[in-house]
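Quick notes on the structure that follows.
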Amino acid sequence: MLLAIDTSAGTSVAIVDRDRGVLASRDSADTRGHAEVIGSFIADCLTESGIAISELSGVVAGMGPGPFTGLRVGIAAARTFALGAGKPVIPMVSHDALAFGRTEPTLVTTDARRREVYWSLFGAPDADGLPTRLEGPALAKPDDLPTPDGYARLDAATVSAAQLGLLAEAMYVHGRSFAGSEALYLRSPDVTMSAGPKRVS
Amino acid sequence: MTAPLVLGIETSCDETGIGIVRGQQLLANVIASSMDEHARYGGVVPEVAARAHLEAIVPALEEALRTAGVTLDELDAIAVTSGPGLAGALMVGVAAAKALAISLDKPLYAVNHLVGHVGADVLREDGSDIELPTIALLVSGGHTSLLLVRDLIDDVELLGETIDDAAGEAFDKVARLLGLPYPGGPQIDRAAVGGDPAAIRFPRGLTHQKDLEKHRYDFSFSGLKTAVARWVEQKRDSGDELPLADVAASFREAVADVLLTKAIAACHDHGVPRLLLGGGVVANARVRELAAERCAAAGIELRVPPLSLCTDNGAMIAALGAQLVAAGRRPSTLDFGADSTLPVTVIQA
Ligand SMILES: [Zn+2]
C-alpha cells in the first residue's frame with residue numbers, strides 16, 4: 001500500500017493498493033495553492049481510506065518535470081511524511097503516470113509556463129504493460145516538439161497521483177528501478193549575473 | 001505538566017533552520033545555509049534558496065533530532081514559519097511541516113517569522129523570563145522592523161519598517177560597490193577597521209522633521225546606498241585613492257545611527273525601558289556597540305540573544321510554538337498557506 005503525492009501540475013494525492021486499487025484520492029487542477037491544500041489532501045486520503053500509516057509500504061513522490069515552486073511542495077511533503085512514518089520515499093517520473101495504461105505510442109506534454117512545455121516520448125507498453133519512455137522528460141518550445149509518425153499526442157493539464165501510485169506498485173512487482181532522487185526542474189534558477197554596480201551619477 | 005517538546009521549521013529566506021526546544025530550554029538549533037551558493041550572485045536568489053531548502057530539510061531534521069537526543073514520537077507539537085519571507089522558500093517549510101505533523105499525528109502551529117525573532121529571547125541561558133513590554137528591533141537582509149511587543153503570543157504591534165531596502169541588503173549593495181564580496185555585513189565590518197566613522201556625513205534616511213511626521217519609526221536605506229555610490233564615483237573620477245576604511249566606517253555609522261535613533265525613540269515614546277535586538281545584522285560589531293552605548297546612556301535594558309539565535313533559525317520558531325502550546329492555544333488548521341507579507345499582528349496563522 002502506498003501514499004502517492006504529485007504536484008508537478010495541480011495537486012494530487014492518493015492511497016493505492018496493489019490488489020484493491022485506488023483507496024482514496026484528492027485532486028485539484030489549480031496550478032497555485034499547492035502548499036495550502038497538500039495537508040488536507042493527505043489527511044483526507046488517510047481518513048477516507050481508513051488505513052493506518054503503519055500499513056503503508058512507502059511514499060511515492062512525483063519528481064516532475066514541473067514548474068518548480070509547486071513541484072517542490074509535493075516532494076517536500078513526501079520526504080517528511082516518509083521520515084515521520086519511517087517509510088521509504090519512492091521517486092517517480094511524473095510523466096510516466098500519464099503514459100501508464102495507454103496502448104499506443106504517445107508524445108506526452110505538460111505545461112512548463114513561459115510558453116514552453118515539458119515532454120516525454122513513449123513507445124508502446126512493454127510485455128508487462130509498463131510504459132517505455134524513449135526520450136525525455138525534456139523541455140521545449142511548442143514549435144520545437146518532436147513529431148514522429150505514428151504517435152498519439154497527450155497534452156495533459158493534470159497528473160494523477162493515483163495513476164503514479166498504481167504504476168509504482170506495478171513496477172515494484174516487476175522489479176523495475178524507480179527514478180532518481182533529484183527534482184526534475186529541467187531549468188536553471190533564474191539568475192542574471194550582475195555586471196557590477198551601475199553608475200548613479 | 002512538563003514543558004512542551006516542540007520542533008520548529010524555518011525556511012523564510014536562505015537558512016534551513018530546524019530547532020528543538022523543551023519549553024524555554026534549547027535542545028537543538030541546526031542551520032543549513034545556502035549563503036555560499038548566493039555569494040556569486042551578490043544577494044539571495046529566491047529560486048536557489050528554495051531548491052536548497054528542499055535538499056536540506058530532511059538531513060537538518062535528522063541532525064536536530066540526533067543533537068537533541070529525542071525521537072519524533074516524543075514531540076508534543078511542530079511549529080513552522082508561514083510568513084513573512086520569500087514565498088517559494090516558505091512553501092517548502094510549510095509543506096514539509098504539514099506532512100510531518102500528519103505522519104506523526106502531532107499538532108501543528110503556523111507562526112510569524114518576525115515574532116519568532118522575539119521568541120528567541122525566551123531561550124536565554126539564565127532561564128529568566130522574557131520581560132514585557134519590550135521594543136524589538138529586527139534587522140536582517142530580508143527585514144528591518146521595529147515592534148512593540150506587549151505579549152509574545154497575543155499583542156505585537158508593528159511600529160515601523162523599511163520602506164525600501166532592508167538594512168542587510170544595504171550592507172550587501174554597498175559592499176558590492178566597494179568591490180567587496182557577499183555577504184556585505186562582515187566585509188564592511190572588516191573594511192571599517194581603523195576608519196573614521198565621522199569622515200563622511202552620509203544621509204540618515206527618514207530622520208528629517210517632515211519625514212518624522214509620517215515615518216517616525218520607518219526606515220529607508222536606498223538613499224544612503226545611492227549617496228555612498230555617488231561619493232565613491234566622484235572620488236574615483238577625480239583619480240584620488242578611495243579611503244575604503246573611512247567610507248565603510250561612515251556608511252556603517254549611518255546605518256547603525258538611524259537604527260538605534262529610531263529604536264531608542266520608540267522606547268521613550270512608549271515608556272518601554274527595554275530593547276531587544278534580532279536578525280542577522282546584529283552580527284555587525286558597530287550595531288551592537290552603538291546599541292550598548294545608546295541604551296546605557298538612556299537607561300534602557302538591552303537584550304541581545306546569542307548570534308546563533310539572532311540569525312534566522314528554527315529554535316526561535318520552536319520557542320514561539322512552545323509558548324502557544326503552553327498557553328493552551330489550538331493548533332493551526334491544515335489549510336494555511338505561505339504568506340510572504342504576513343503582518344506581525346498575526347502571531348499564529
Ligand atoms: Zn529573520
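In what follows, every chain begins at residue 1, and chains take the letters A, B, ... in the order their sequences are listed.
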### Task
Count the heavy-atom pairs under 4.5 Å between each of A/Leu3, A/Val37, A/Thr69, A/Leu83 and chain B, then report the option with the highest count.
A/Leu83

### Query
Under a 4.5 Å heavy-atom cut-off, does chain B meet the side chain of A/Ile75, its backbone, both or neither?
both

### Side chain, backbone, both or neither of A/Leu46 within contact of chain B (heavy atoms, under 4.5 Å)
side chain

### Query
Under the side chain to side chain donor-acceptor pair (under 3.5 Å) criterion, do A/Asp6 and A/Ser8 qualify, and how do the steps go?
CA-CA 6 Å; A/Asp6 190 286; A/Ser8 65; 2.7 Å; yes

Please rank [options] by heavy-atom pairs under 4.5 Å with chain A and give me the top one.
| options | answer |
| --- | --- |
| B/Ile57, B/Val58, B/Ile102, B/Asp105 | B/Ile102 |
| B/Ser82, B/Ala89, B/Ser103 | B/Ser103 |
| B/Ala50, B/Ala101, B/Gly88 | B/Ala50 |
| B/Gln234, B/Arg51, B/Glu47 | B/Arg51 |
| B/Glu62, B/His53, B/Glu233, B/Lys106 | B/Glu233 |
| B/Leu100, B/Leu54, B/Leu334 | B/Leu54 |

### For B/Val174, the option from B/Leu180, B/Ile188, B/Val255, B/Val232 that meets side chain to side chain contact (heavy atoms under 4.5 Å, CB included)
B/Ile188

Hydrogens and angles aside, do [X] and [Y] bring a side-chain donor and acceptor to less than 3.5 Å of each other?
| X | Y | value |
| --- | --- | --- |
| A/Ser120 | A/Glu135 | no |
| B/Glu74 | B/Thr71 | yes |
| A/Ser40 | B/Asp335 | no |

## Note on the structure
Contacts satisfying side chain to side chain donor-acceptor pair (under 3.5 Å) that involve residues 74-92 of chain A (not counting sequence neighbours) are A/Arg79-B/Glu55

Check this for me: does any side-chain nitrogen of one of [X] and [Y] sit under 4.0 Å from a carboxylate oxygen of the other?
| X | Y | value |
| --- | --- | --- |
| A/Arg176 | A/Asp126 | yes |
| B/Lys225 | B/Glu169 | no |
| B/Lys235 | B/Asp237 | no |

## Note on the structure
Against chain A, residues from residues 9-21 of chain B with at least one heavy atom under 4.5 Å, in numeric order, are none

### Query
Quick one: what part of B/Val94 sits under 4.5 Å from any heavy atom of chain A, side chain, backbone, both or neither?
side chain

### Message
I'd like to check B/Asp312 versus B/Ile31 (side-chain heavy atoms, cut-off strictly below 4.5 Å). Are they in contact?
### Response
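Sidechains of B/Ile31 and B/Asp312: no contact.
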
### Task
Kindly say whether the aromatic ring centers of B/Phe171 and B/Phe251 come within a distance under 6.0 Å.
yes

